[in-house]
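Read through the structure below, which is laid out as structure tokens, and then see the notes.
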Amino acid sequence: MITTRFLTTGFLIASLFPSLHAQCSDAGVCTLGGGHASQAAYSVSAEYAFGTSGKPDEIKFHSIQLSAHVSILPTGQLLVSIPYNRQSGPLGSTSGIGDLTIVFSHNILTVGDGELRLQIGGKLALAEVNDGGLPQAYQSGLGTNDILAGIQYRFSVWNAAIAYQIPFGRSDNNVTRLKRGDDLLLRLGYSHALESMSVGAEIFAIKRLQESSVLDTSTAPPQPYRTLTGSDQTQINLVGRLAYPLGGSVEIQALVALPLLKRDINVDGLTRAFSASAGVALSL
């Protein structure tokens, strides 16, 4: 049985919001299936997130993300989210607007305390991908338009989801011209309400289903593409969440995530060795 002490400890050692996308080391699919969803007809949030890729890249990521949830139809909700990102590492630094995420979530079945939701949406490539002449890992966006789809099930304090992401095309980044594979996400979470706050713990796995390919810089132009052997990797993250209401319609949210299994190849800049965020949400 999961106790309050276990959850609190999990938050402290691993330590809200489903809009924290990049820190789950994906290209957008972690938007789907989050356990902490707004119950208000309208809500907006702003959060600051920090992450690091760890060795050997040693890239640091800073992000300020604005999100809005809007209830549409009797059982539907629309999420719109966009970040401003900054990346810095041994090769230099870049910053700019990231890619836009739009997701529609619809309740398709309710049985007792259980709720099954269908989620579908996409990521639109708005970010500059050749900033500073640096590789894809340093860019504020991934340079592709992607489809997101998933199924989420909530029951009492539990939340489970499976989701899929399909990227289309190849990034225009001149250094790598990266083409990513599809991503599959599995997540399971638990939340618990205390007297003055709510805490939660979650584990999720992201599997890259095909190997990525990039420009072969070892050959003379015109350069062919080469497959990155072993880039169809899996990352498994442990996440802790905290939500603290300030009264009225304002809530402070925080998150810390650590990888239980970390990706070795970071050509897309999505690997995280550590990430944390803090933000505020306003229900309208």
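- D183 and R208 are joined by a salt bridge, as a carboxylate oxygen and a charged side-chain nitrogen come within less than 4.0 angstrom of each other.
- Side-chain heavy-atom separations under 4.5 angstrom define the hydrophobic clusters, and the remaining members of the one that includes V267 are L178, V214, L228, I265.
- Put simply, the side chain of I147 does not reach to within 4.5 Å of the side chain of Y164, judged on heavy atoms.
- The two residues N266 and T271 make their nearest non-hydrogen contact at OD1-N, 2.9 Å.
- Between Y84 and S140, every side-chain heavy-atom pair lies at or beyond the 4.5 Å cut-off.
- Between D268 and R263, at least one side-chain N (NZ, or NE/NH1/NH2) sits under 4.0 Å from a carboxylate O, which counts as a salt bridge.
- Across S249 and L282, no two heavy atoms sit closer than the pair OG-CD1, 3.2 Å.
- A distance of 5.0 Å separates OG of S88 from NE2 of H62, quoted to the nearest 0.5 Å.
- Atom OG1 of T217 sits about 14.0 Å away from atom CZ of R177, to the nearest 0.5 Å.
- Closest heavy-atom contact between R117 and N107: NH1-CB, 3.5 Å.
- Here the options are L270, L142, V175, the test is side chain to side chain contact (heavy atoms under 4.5 Å, CB included), and the partner is Q136; only L142 passes.
- The distance from atom CG of N237 to atom NZ of K262, rounded to the nearest 0.5 Å, is 11.0 Å.
- No continuous path of hydrophobic side-chain contacts links L66 to F50 [ILVMFWY only; heavy atoms under 4.5 Å].
- Under a cutoff of 6.0 Å and an axis angle of 45°, R170 and Y225 form a cation-pi pair.
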